[in-house]
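Note that ligands are numbered from 1 as they come in the structure, with each ligand's atoms numbered from 1 the same way. Note that this is a predicted model, so its numbers are computed, not measured.
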Amino acid sequence: MSEHYYSKKTSTDSEEKTWAFQLRGHEFEFTTDHAVFSKREVDFGSRLLVEAFLAPDVDGDFLDLGCGYGPVGLAIAKDFDNRHVMMVDVNDRALNLARKNAVENGITNITVQESDRLQGVKDRRFASIITNPPIRAGKKVVHMMFEEAKEALLEQGELWVVIQKKQGAPSAKQKLEELFGNVDVVEKQKGYYILKAIRFD
Ligand SMILES: C[S@@+](CC[C@H](N)C(=O)[O-])C[C@H]1O[C@@H](n2cnc3c(N)ncnc32)[C@H](O)[C@@H]1O
């Protein structure tokens with residue numbers, strides 16, 4: 001059976017690598033491994049998302065949905081140390097790396113937890129949900145994530161998404177418009193779109 005970064009269990013051999021990367025003006029050391037998304041450097045889209053992100057007006061925790069080895073949630077947790085960042089993923093290896101990367105970078109205002117979409121954090125509400133979604137898991141899964149994200153946001157909470165035009169940015173934008181009644185293209189670079197939708201009801 002083929003193995004993907006969105007699989008829950010990872011049987012591929014482990015070969016951890018550690019490298020440095022700067023995000024939001026902070027120097028990080030990330031450890032990554034086989035069968036984890038973007039293992040050689042921080043993905044261009046994730047970096048664009050992290051750099052574009054602004055805290056919402058509303059108080060509350062943040063959620064990094066599909067955290068992988070942790071670059072998005074950890075960079076945001078570092079910069080907003082008055083907020084708590086919940087980081088979730090389905091992939092066990094990614095979750096363990098995210099925990100390790102939090103420790104190695106001295107970041108404590110986070111919780112790393114297994115969750116299929118938002119099913120594992122059903123009782124929680126967030127001020128911002130930030131995601132580089134698992135395109136390869138399919139449009140149905142990604143759009144379900146958007147639906148569940150809307151329900152999990154506080155009033156005036158914000159959903160931030162990075163998605164490439166060729167991987168479905170137009171249909172993601174349309175889905176967010178339908179769900180939230182608003183969507184903003186915060187940034188566009190090299191075919192990557194940063195979309196933001198605000199929960200008003
Ligand atoms: C495009 S990657 C982004 C990873 C990480 N945020 C980064 O920037 O490197 C999407 C992530 O979503 C995770 N994922 C796939 N299906 C998921 C699901 N049903 N629920 C939660 N996370 C999922 C994958 O394991 C993967 O780590």
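Under a 4.0 Å criterion applied to the non-hydrogen atoms of P133, ligand 1 contributes the atoms 1 (C). Residue contact check: F37 has heavy atoms under 4.0 Å from atoms 1 (C), 2 (S), 3 (C), 4 (C), 7 (C), 9 (O) of ligand 1. Atoms of ligand 1 lying under 4.0 Å from at least one heavy atom of G68, given by number and element, are 4 (C), 5 (C), 27 (O). Taking every non-hydrogen atom of S115 and a distance limit under 4.0 Å, the qualifying atoms of ligand 1 come out as 20 (N), 21 (C). Counting atoms of ligand 1 from 1 in the listed order, those under 4.0 Å from a heavy atom of R117 are 18 (C), 19 (N), 20 (N), 21 (C). Remark: ligand 1 atoms within the under-4.0 Å shell around heavy atoms of V72 are 8 (O).
On a distance-only criterion, S38 and ligand 1 share no N/O pair closer than 3.5 Å. The shortest N or O to N or O distance between D89 and ligand 1 is below 3.5 Å.
Judged by distance alone, the side chain of R93 and the main-chain N or O of H34 form a donor-acceptor pair under 3.5 Å. Formation of a donor-acceptor pair under 3.5 Å by the W19 side chain with backbone atoms of K39 is found in this model. Within the 3.5 Å criterion, the main-chain N or O of Q119 finds no donor-acceptor partner in the side chain of D116.
Atom CG of N82 is surrounded by more than 12 heavy atoms from other residues, nucleotides or ligands within 6.0 Å. Within 6.0 Å of the CZ atom in R199, the count of heavy atoms belonging to other residues, nucleotides or ligands exceeds 12.
Between F21 and F30, a ring centre-to-centre spacing not shorter than 6.0 Å is recorded.
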Pair N96-R99, side chain to side chain donor-acceptor pair (under 3.5 Å): steps then yes or no: CA-CA 5 Å; N96 287 332; R99 289 189 189 100; 3.0 Å; yes

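Closest to atom 1 (C) of ligand 1 by heavy atom, among D92, N132, V50, is N132. The residue among T131, V90, V88 with a heavy atom at the shortest distance from atom 23 (C) of ligand 1 is V90. Remark: among candidates D116, D64, I135, N91, the nearest residue to atom 19 (N) of ligand 1 is D116, based on non-hydrogen atoms.
A salt bridge links E147 with K175: at least one charged nitrogen is closer than 4.0 Å to a carboxylate oxygen.
Counting heavy atoms under 4.0 Å from ligand 1, residue P71 touches it through the side chain alone.
Judged by the 6.0 Å distance and 45° axis criteria, K190 is positioned over the aromatic ring of F44.
Using a 4.0 angstrom heavy-atom cutoff, M145 counts as in contact with ligand 1.
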